Engineer: 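Input: one structure, supplied below.
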2 protein chains.
Amino acid sequence: MAEQAFYSVHPKFHAAVDCIIFGFEEGELSLLLLQRNFEPAKGEWSLAGGFVEDGENIDDAARRVVAELTGLDDLYMRQVHTYGEVERDPGERVLSTAYYALVDIKKYDRELVRAHNAFWIKLPAIPRLIFDHNRMVQDALRFMRYQATVKPVGINLLPEEFTLTQLQALYEAILGEPIDKRNFRKRIAQMDYIEKTGGIDKTLSRKGAALYRFNREKYDGNFKI
Amino acid sequence: MAEQAFYSVHPKFHAAVDCIIFGFEEGELSLLLLQRNFEPAKGEWSLAGGFVEDGENIDDAARRVVAELTGLDDLYMRQVHTYGEVERDPGERVLSTAYYALVDIKKYDRELVRAHNAFWIKLPAIPRLIFDHNRMVQDALRFMRYQATVKPVGINLLPEEFTLTQLQALYEAILGEPIDKRNFRKRIAQMDYIEKTGGIDKTLSRKGAALYRFNREKYDGNFKI
DNA sequence: AAATAAAAGTGTACTTGCAACACTTTTTAC
DNA sequence: GTAAAAAGTGTTGCAAGTACACTTTTATTT
């Protein structure tokens, strides 16, 4: 299909990416959302989005959009879905591909986020968003939840070293239901790729809690047979 | 974001859809593939594809592409992934969204398929395809397999009435491994939305096998509580 | 120095779903 | 009537998951 004529009879469209950026804080999942502080549609909320540029891979466009907002460029990101309703963007026709990103909420660039008028909003308090962005959030949440039950992607929401209490709270937030402490710890103990660092965190308890880390080599080793 | 100037600084791209059309015959999954019978790239194989047109929903574009080839317009279809590598189409830059479709292989329009120089190819014999179409097939297969373990989507590959032996052969083809007959039938017996029609199929055995059908109302009722 | 408070950490019994496994029934064709 | 070919049918064992409550440790307070 290398004939120019073959392509030229077909229309072209803007290609956007919209990013559902998840964080985890105080036992709840949050999203990083932007509030427009200029007209039109001043005050309305949206996902972090942008357009795919010439010569730019679509995955790279999504990474760029997140990096421009957070300063972080090595995040865990996955494509969720492409939305192509004719009237989804009332301005012009735009096809948009949604990606989700997982952020350690301690690490992002606060200046950049402030400059973009972006805020972390806890999941139950997500406002009405522009266009079909609420649907994108629902789809991303469902997909992220599924992935979290299959692989330890959730760990990307925690700092490098974490306690089992934090990890349990994270999974409770992701799955939206309480988990039995003893059963949870039994399951984690079977995962040799979640290993004790030897360190102890005393910020959250008097007794102190053992710190753990994710060992990527061991994890990859387990599954790349 | 309703200002024209906001959009116009960004490039536009062709938006394609490519369809992985699954069928099931003689105990094996097949794909409906096209072989180019004209230059350039004469003889090369590809998925059924097409471009999204103005005023056309992207899902509708995928349905149109499959309908133009098979004559079938009410198939089970799901979006798989969007491929946006810069050089994925050596002609012009094209972003392509892959969909899979499930076809009752007895039902398609043979004239249309012949006119398009398309052929059913069994999965183990899939040839090298143009561009990134082999990767699309792998991704679609993985996604379809996952969905088949979660919901009875596979039934869309069978005729309205089917025997349990056919259904088991289908799931063996989808999952790529043999299934124990008694365990399989026990599991099916628990699904009240797979019900006996009362009919008997004698084409495949002397004894005759009970015919079953999928009851969509019962299925929806079970899960829409 | 003793009491208190607050989170970390630990084991067992029960239930349930999945996996392994082989023979009988029915009917047509020879 | 016998042979062939597919349909149909139950039980047992195992493993994974679930339910469930008390002890340990240490900083803070009195």
Side-chain angles (χ1 to χ4, degrees), chain A residues 24-28 145-146 148-152 154 158-159 161-213 222-223, chain B residues 24-28 145-146 148-152 154 158-159 161-213 222-223:
Chain A
F24 175 68
E25 204 175 27
E26 294 169 17
E28 289 195 85
R145 271 187 183 142
Y146 161 66
T149 63
V150 175
K151 348 182 229 186
L158 293 177
E161 304 205 347
F162 50 85
T163 69
L164 293 184
T165 303
Q166 284 177 290
L167 187 63
Q168 182 178 342
L170 170 65
Y171 272 85
E172 288 176 333
I174 291 176
L175 303 176
E177 55 190 20
I179 303 173
D180 179 86
K181 184 160 59 158
R182 280 174 288 189
N183 293 338
F184 180 76
R185 283 166 184 250
K186 240 183 301 172
R187 228 176 310 142
I188 300 297
Q190 289 166 0
M191 304 175 185
D192 62 346
Y193 52 84
I194 297 183
E195 59 187 16
K196 270 192 181 165
T197 67
I200 292 179
D201 178 293
K202 290 217 169 182
T203 59
L204 283 164
S205 88
R206 290 171 181 168
K207 184 178 178 183
L211 285 167
Y212 288 76
R213 79 163 77 83
N222 283 348
F223 297 98
Chain B
F24 175 67
E25 205 175 26
E26 295 169 16
E28 288 195 86
R145 270 186 184 144
Y146 161 66
T149 63
V150 174
K151 344 183 234 189
L158 292 177
E161 305 204 347
F162 50 85
T163 68
L164 293 185
T165 302
Q166 284 177 290
L167 187 63
Q168 181 178 342
L170 170 65
Y171 272 86
E172 288 175 332
I174 291 177
L175 303 177
E177 56 190 19
I179 302 175
D180 179 87
K181 184 160 61 157
R182 280 173 287 188
N183 292 337
F184 181 77
R185 283 165 184 251
K186 240 181 300 171
R187 228 176 308 144
I188 300 298
Q190 289 166 359
M191 304 176 186
D192 63 346
Y193 52 84
I194 297 183
E195 60 187 16
K196 269 193 181 164
T197 67
I200 291 179
D201 178 292
K202 291 218 171 181
T203 58
L204 283 163
S205 87
R206 290 171 180 169
K207 184 179 177 183
L211 285 166
Y212 288 76
R213 80 163 76 83
N222 284 348
F223 298 96

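As the structure is a prediction and not an experimental result, all values here were calculated from the model.
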Engineer: Could you list the protein-to-nucleotides 1-3 of chain D atom pairs, N/O on both sides, closer than 3.5 Å?
Structural biologist:
none

Engineer: Are side-chain heavy atoms of M191(A) and I188(A) found at a separation under 4.5 Å?
Structural biologist: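 The answer is yes, as the side chains (C-beta and beyond) meet within the 4.5 Å cut-off.
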Engineer: Among pairs that include at least one residue of residues 169-188 of chain A, which meet salt bridge (Lys or Arg N to Asp or Glu O under 4.0 Å), considering only residues two or more places apart or in two chains?
Structural biologist: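 Non-adjacent pairs meeting salt bridge (Lys or Arg N to Asp or Glu O under 4.0 Å): zero.
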Engineer: Separation of R187(B) atom CZ from dT9(D) atom C1', in whole Å?
Structural biologist: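 So the CZ-C1' distance, R187(B) to dT9(D), works out to 16 Å.
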Engineer: Can you give one letter per nucleotide of nucleotides 8-15 of chain C, going 5' to 3': B for a protein heavy atom under 4.0 Å from the base, S for sugar-phosphate only, - for none?
Structural biologist: BBBBB---
Engineer: Is a side-chain N or O of Q166(B) found less than 3.5 angstrom from the main chain of T163(B), in a donor-acceptor match?
Structural biologist: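 Side chain of Q166(B) to backbone of T163(B), a donor-acceptor pair under 3.5 Å: yes, one is there.
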Engineer: Provide, to the nearest angstrom, the distance between the CD atom belonging to E177(A) and the C1' atom belonging to dT18(D).
Structural biologist: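 Between C1' of dT18(D) and CD of E177(A): 13 Å.
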Engineer: What is the distance, to the nearest angstrom, from the CD1 atom on I200(A) to the P atom on dA27(D)?
Structural biologist: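 It works out to 11 Å between those atoms.
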Engineer: For E28(A), check side-chain hydrogen bond (donor to acceptor under 3.5 Å, both in side chains) against everything at least two apart and list the hits.
Structural biologist: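 Once residues adjacent in sequence are excluded, E28(A) has no partner under the side-chain hydrogen bond (donor to acceptor under 3.5 Å, both in side chains) criterion.
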Engineer: Would you mind reading off the bend of the helix from dA1(C)-dT30(D) to dC30(C)-dG1(D) from its two end axes, five pairs each, to 10 degrees?
Structural biologist: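 That helix gives 10° between its end axes.
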Engineer: Which residues pass the side-chain contact (heavy atoms from CB on, under 4.5 Å) test with A169(A), not counting sequence neighbours?
Structural biologist: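 Residues passing side-chain contact (heavy atoms from CB on, under 4.5 Å) with A169(A): F24(A).
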Engineer: Sorted by first residue and then second, give each ring pair (Phe, Tyr, Trp, His ring centres under 6.0 Å) pair with at least one member in residues 162-190 of chain B; sequence neighbours left out.
Structural biologist: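 Of all non-adjacent pairs touching residues 162-190 of chain B, none passes ring pair (Phe, Tyr, Trp, His ring centres under 6.0 Å).
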Engineer: Could I get the full list of salt bridge (Lys or Arg N to Asp or Glu O under 4.0 Å) partners for E195(B), not counting sequence neighbours?
Structural biologist: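 E195(B) satisfies salt bridge (Lys or Arg N to Asp or Glu O under 4.0 Å) with R213(B), K218(B) only.
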Engineer: Nearest whole angstrom, please: distance from the C1' of dA5(D) to the CG of D201(B).
Structural biologist: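 Going from D201(B) (CG) to dA5(D) (C1'), I get 14 Å.
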Engineer: How close or far is atom P of dG17(C) from atom CE of M191(B), stated in whole angstroms?
Structural biologist: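 In whole Å, dG17(C) P lies 13 Å from M191(B) CE.
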Engineer: Are the side chains of Y212(A) and L164(A) in contact, using a 4.5 Å heavy-atom criterion?
Structural biologist: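 L164(A) reaches Y212(A) side chain to side chain.
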Engineer: Show every donor-acceptor pair shorter than 3.5 Å between a side-chain atom in residues 204-211 of chain B and any protein atom, with sequence neighbours excluded, or say none if there are none.
Structural biologist:
residue : atom : partner : partner atom : Å
S205(B) : OG   : K207(B) : N            : 3.4
S205(B) : OG   : G208(B) : N            : 2.7

Engineer: Output all residues satisfying side-chain hydrogen bond (donor to acceptor under 3.5 Å, both in side chains) with Q190(A), sequence neighbours left out; order by chain, then residue number.
Structural biologist: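 Partners of Q190(A) by the side-chain hydrogen bond (donor to acceptor under 3.5 Å, both in side chains) criterion come out as none, since no residue qualifies.
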Engineer: Which residues pass the side-chain hydrogen bond (donor to acceptor under 3.5 Å, both in side chains) test with K196(B), not counting sequence neighbours?
Structural biologist: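 Residues passing side-chain hydrogen bond (donor to acceptor under 3.5 Å, both in side chains) with K196(B): none at all.
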